A.B. asks: 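Sharing a structure, written as structure tokens. Questions coming.
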There are 2 protein chains.
Amino acid sequence: MNKGKQPTIKEIAKRLKISTSTVSRALNDHPSIGLITTMRVKKLAEELNYEPNRTAIFFKQRKTFTIGVILPSLSEAFFSAAISEIENFANSRNYTVILGQSLDDPERELKIINTMKVHRVDGIILSSAKNTREFEYIEILRNAGIPVVFFDCVPDLVQINAIVSNLKTGMKEAIDTFASCGHRGIAFINGPAHLPASKEREEAFIDALVNNGIPLNRDYIVYTDLSEKGNTDATLQLINLSERPSAVVSFNDYVTLDAMNAVRSKGLTVNQDIFFISYANYPIWKYMENPPMASIEQLPGKQGALAAEMLFELIDRDTEENADDSGIKQGRKIVLESKLVNQHV
Amino acid sequence: MNKGKQPTIKEIAKRLKISTSTVSRALNDHPSIGLITTMRVKKLAEELNYEPNRTAIFFKQRKTFTIGVILPSLSEAFFSAAISEIENFANSRNYTVILGQSLDDPERELKIINTMKVHRVDGIILSSAKNTREFEYIEILRNAGIPVVFFDCVPDLVQINAIVSNLKTGMKEAIDTFASCGHRGIAFINGPAHLPASKEREEAFIDALVNNGIPLNRDYIVYTDLSEKGNTDATLQLINLSERPSAVVSFNDYVTLDAMNAVRSKGLTVNQDIFFISYANYPIWKYMENPPMASIEQLPGKQGALAAEMLFELIDRDTEENADDSGIKQGRKIVLESKLVNQHV
DNA sequence: CTGTTAGCGCTTTCAG
DNA sequence: CTGAAAGCGCTAACAG
């Protein structure tokens with residue numbers, strides 16, 4: 001029960017009657033240390049059950065081998081898939097992941113970012129809170145020299161690193177699919193208008209309609225704040241139109257779930273009176289008796305992995321002390337094409 | 001662009017022509033420092049945008065204000081609900097959460113535990129990997145003086161701290177419900193036999209049958225390894241019996257999802273030919289047209305919060321240096337009753 | 001190849 | 001009320 005009596009290099013040095021620096025070097029396989037000494041040191045370290053005190057190393061090296069991941073919510077399937085892959089990647093590099101959920105609250109987000117800064121994380125992966133409009137933290141982190149990679153919810157700025165998913169390709173496929181099935185009344189339940197993700201979807205929606213020679217009906221675009229009530233209301237708005245649409249693209253699966261409930265509550269039948277396609281983030285369709293017609297896959301796991309990869313590149317670059325300020329890395333963006341998958345029906 | 005030129009207490013001391021110790025004390029509101037000095041120090045610190053270097057503090061204080069959370073999977077709803085609450089709780093105490101997913105692999109689990117030990121976390125919350133049979137890490141962590149709280153998947157040992165959910169109450173209610181609806185052919189799709197959680201469920205299942213005067217039919221208890229195939233196979237085993245059961249309790253929602261698919265694939269109808277109740281961990285029933293009859297709620301969020309609470313008690317206790325070894329805290333367990341909820345049908 | 005020395009930033013006795 | 005000095009455990013010039 002050698003409580004708290006963790007051995008240190010000093011202890012090893014004393015027992016071996018050599019200096020601490022030699023011990024340190026031996027332990028780190030420094031080439032300049034003789035093979036025999038190295039062996040002796042390692043052997044004793046083993047015996048004593050020596051473990052380096054990383055807090056000392058962190059302190060000394062100004063590096064923590066820790067990255068921060070900040071997400072709106074840890075309990076949404078999209079994000080848990082992403083973090084799962086991030087953790088995986090980090091783990092393979094012997095990095096540790098620290099975690100924060102913003103709950104889409106900008107204040108909370110800022111607080112988490114500060115905590116992470118204070119913990120001196122080596123980098124941050126961030127999916128911004130939906131309601132964040134001011135991105136002061138970008139400046140804060142830049143000053144602190146902490147690299148950041150965004151994904152999913154990416155601020156509409158140039159000088160940032162991000163994994164973005166091209167929402168347009170998937171939307172086009174969705175509309176094409178609907179059109180080729182003969183649908184003309186195609187509606188769109190979009191998310192909050194201020195989100196880049198909403199704008200992009202909407203543009204793509206309109207483009208795709210035009211492409212298919214379907215005239216745009218403004219009533220067919222409705223908005224939800226993504227709450228259950230918002231989703232339901234938006235859906236009812238569509239259902240109550242004199243000319244009810246027969247096909248609906250929606251912002252994401254959560255919206256679709258509520259929408260389908262609303263549809264049923266009105267005595268209509270999914271996949272008969274009305275068809276759905278949505279951006280995928282909830283992997284349950286295979287279990288539903290009447291799933292949407294298809295999903296636009298956004299590959300959250302892949303996005304997470306790519307974000308991690310990009311972040312580690314930035315970290316490595318920093319570490320290899322590019323003293324020159326070319327290190328002001330211009331924002332780099334990797335685009336991931338969304339695409340239609342899972343023809344459920 | 002004061003790159004890397006974070007001000008230190010030394011800097012403040014110099015400018016104010018006082019000693020670093022005074023600065024340190026002032027910053028920490030030490031009572032022995034004069035009000036005026038304290039003010040001056042704080043003011044300058046503010047101006048310089050001083051931020052204490054936590055890595056130095058961690059090093060000095062042998063405390064990292066970080067807890068580790070290790071879960072089998074980050075992408076299962078049950079666990080994301082739990083971690084979400086843990087993060088919440090930790091956040092409110094200004095602690096940081098570091099994260100690891102074992103993917104139910106004992107080796108990986110051990111590796112993560114070592115990483116966390118090395119990062120000197122102040123405590124760990126752990127839901128053990130399903131396949132872990134050897135709990136050497138308990139000893140390791142005890143020696144390292146890192147308190148641990150288990151939840152959900154808890155080793156069957158006495159000297160550990162844990163939040164356990166009493167699976168029996170819920171099972172009893174489930175069987176009672178089935179029985180009161182007139183079901184006599186009640187089956188049980190259990191998880192891997194070696195799990196404490198499976199054993200407990202099975203005991204409760206048998207007890208409850210007896211209680212309701214229903215004779216036990218051994219064929220009505222089947223097992224799955226929780227894979228999709230395992231779930232399907234187990235279900236088919238039941239369906240193919242000469243006397244098909246009319247009601248099924250299953251290990252958890254994921255099992256039920258696959259089971260319901262299997263049932264449908266055989267041309268049977270859920271909630272007509274066969275009824276389901278399962279331990280809840282997947283919040284989607286409200287969206288299903290034919291959900292299970294009810295769910296046995298296990299309150300993952302609450303379990304997480306309780307685990308965090310218990311862990312912080314242990315940490316605080318340690319910190320208030322109970323040098324005496326009464327600190328060999330006997331295992332304490334908090335039991336959470338599972339109960340039947342969501343009468344979906 | 002190895003030892004000496006200094007120091008990371010902060011806290012904390014011990015003396016005033 | 002304040003300062004001087006030591007030290008946490010480790011690394012890294014700089015000397016041999």
Side-chain angles (χ1 to χ4, degrees), chain A residues 2-42 44-45 48-65 117-120 122 144-145 319 321, chain B residues 2-42 44-45 48-65 117-120 122 144-145 319 321:
Chain A
N2 45 0
K3 274 200 68 168
K5 261 303 153 224
Q6 288 264 1
T8 68
I9 50 171
K10 211 179 193 169
E11 173 73 13
I12 299 186
K14 191 167 18 163
R15 298 212 191 195
L16 257 35
K17 298 190 191 316
I18 57 180
S19 80
T20 59
S21 30
T22 304
V23 176
S24 168
R25 288 191 273 242
L27 255 13
N28 291 302
D29 292 307
H30 191 101
S32 76
I33 298 294
L35 188 58
I36 0 74
T37 353
T38 305
M39 296 305 282
R40 281 180 4 109
V41 169
K42 288 204 171 176
L44 182 56
L48 292 184
N49 231 302
Y50 167 78
E51 296 241 14
N53 181 341
R54 304 278 170 189
T55 61
I57 299 178
F58 294 163
F59 171 45
K60 185 100 231 268
Q61 323 252 262
R62 290 128 188 305
K63 206 158 166 330
T64 57
F65 300 96
K117 183 177 132 203
V118 141
H119 272 255
R120 295 279 207 278
D122 296 338
T319 307
E321 31 132 319
Chain B
N2 45 1
K3 271 200 69 165
K5 261 304 155 224
Q6 287 265 0
T8 69
I9 51 172
K10 212 178 193 169
E11 174 73 12
I12 299 185
K14 192 169 14 164
R15 297 213 191 193
L16 257 35
K17 297 192 194 315
I18 59 181
S19 78
T20 59
S21 26
T22 304
V23 175
S24 168
R25 288 191 273 244
L27 254 14
N28 292 303
D29 292 307
H30 191 101
S32 75
I33 299 294
L35 189 57
I36 1 75
T37 353
T38 305
M39 298 303 284
R40 285 182 359 114
V41 169
K42 289 202 172 176
L44 182 56
L48 292 184
N49 231 304
Y50 167 78
E51 296 239 16
N53 180 341
R54 303 278 170 191
T55 60
I57 299 179
F58 295 165
F59 171 44
K60 185 98 231 266
Q61 324 251 262
R62 288 127 191 300
K63 206 160 168 326
T64 56
F65 301 95
K117 183 177 133 204
V118 141
H119 271 254
R120 295 281 207 274
D122 295 339
T319 307
E321 31 130 323

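Sequence lines set the chain letters: A, B, ... in the order given, protein chains first and strands last, and positions in each chain run from 1. All figures in this text were calculated on a predicted structure; none of them were measured in a lab.
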A.B. asks: Distance-only, no hydrogens or angles: does the B:Thr55 side chain make a donor-acceptor pair with backbone N or O of A:Phe58 under 3.5 Å?
C.D. replies: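 No.
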A.B. asks: Provide, to the nearest angstrom, the distance between the CD1 atom belonging to B:Ile33 and the C1' atom belonging to C:dT11.
C.D. replies: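 Distance, rounded to whole Å: 13 Å.
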A.B. asks: Do you know which two heavy atoms are closest between A:Thr64 and B:His119, and how far apart they sit?
C.D. replies: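 Smallest interatomic distance, heavy atoms only, reads O-CE1, 3.4 Å.
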A.B. asks: Give A:Thr55 one of three labels, base, sugar-phosphate or nothing, depending on what nucleic acid heavy atoms sit under 4.0 Å from its own.
C.D. replies: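 Result for A:Thr55 = nothing.
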A.B. asks: Locate the shortest heavy-atom distance separating B:Ser19 from B:Ala13; write the atom from each residue and the value.
C.D. replies: C-CB, 3.8 Å
A.B. asks: Are there any protein N/O atoms within less than 3.5 Å of an N/O atom in nucleotides 13-16 of chain D, and if so, which ones and at what distance?
C.D. replies:
unit_1	atom_1	unit_2	atom_2	d
D:dA13	N6	A:Arg25	NH1	3.2

A.B. asks: Might you point out which heavy atoms bring A:Tyr50 and A:Pro7 nearest each other, and give the distance in Å?
C.D. replies: CD1-O, 3.3 Å
A.B. asks: If you compare all heavy atoms of B:Pro52 against all heavy atoms of B:Ile57, which two are closest, and at what distance to 0.1 Å?
C.D. replies: CB-CD1, 4.0 Å
A.B. asks: What is the separation between atom CZ on A:Arg40 and atom P on C:dC1, rounded to the nearest whole Å?
C.D. replies: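 Rounded to the whole Å, the gap is 16 Å.
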A.B. asks: In this structure, how many angstroms lie between the P atom of D:dG3 and the NE2 atom of B:His30, rounded?
C.D. replies: 14 Å
A.B. asks: Does A:Thr22 put a side-chain nitrogen or oxygen below 4.0 Å from OP1 or OP2 of C:dT2?
C.D. replies: no
A.B. asks: So which protein N/O to nucleotides 7-10 of chain C N/O distances come out below 3.5 Å?
C.D. replies:
unit_1	atom_1	unit_2	atom_2	d
C:dG7	N2	A:Lys60	NZ	3.1
C:dC8	O3'	A:Arg62	NH2	2.6
C:dG9	OP1	A:Arg62	NH2	2.5
C:dC10	OP1	B:Tyr50	OH	2.5
C:dC10	OP1	B:Asn53	N	3.2
C:dC10	OP2	B:Ile9	N	2.8

A.B. asks: Think A:Ser32 has a side-chain N or O under 4.0 angstrom from the OP1 or OP2 of C:dT2?
C.D. replies: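 No, no such contact exists.
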A.B. asks: Which distance, rounded to the nearest 0.5 Å, do you find between the CG of A:Leu27 and the OG1 of A:Thr20?
C.D. replies: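 It is 11.5 Å, given to the nearest 0.5 Å.
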A.B. asks: Considering non-hydrogen atoms only, spot the tightest contact between B:Lys42 and B:Ala26 and give its length.
C.D. replies: CE-O, 3.7 Å
A.B. asks: Within this structure, what is the CZ-to-P distance between B:Phe58 and D:dG7, rounded to whole angstrom?
C.D. replies: 25 Å
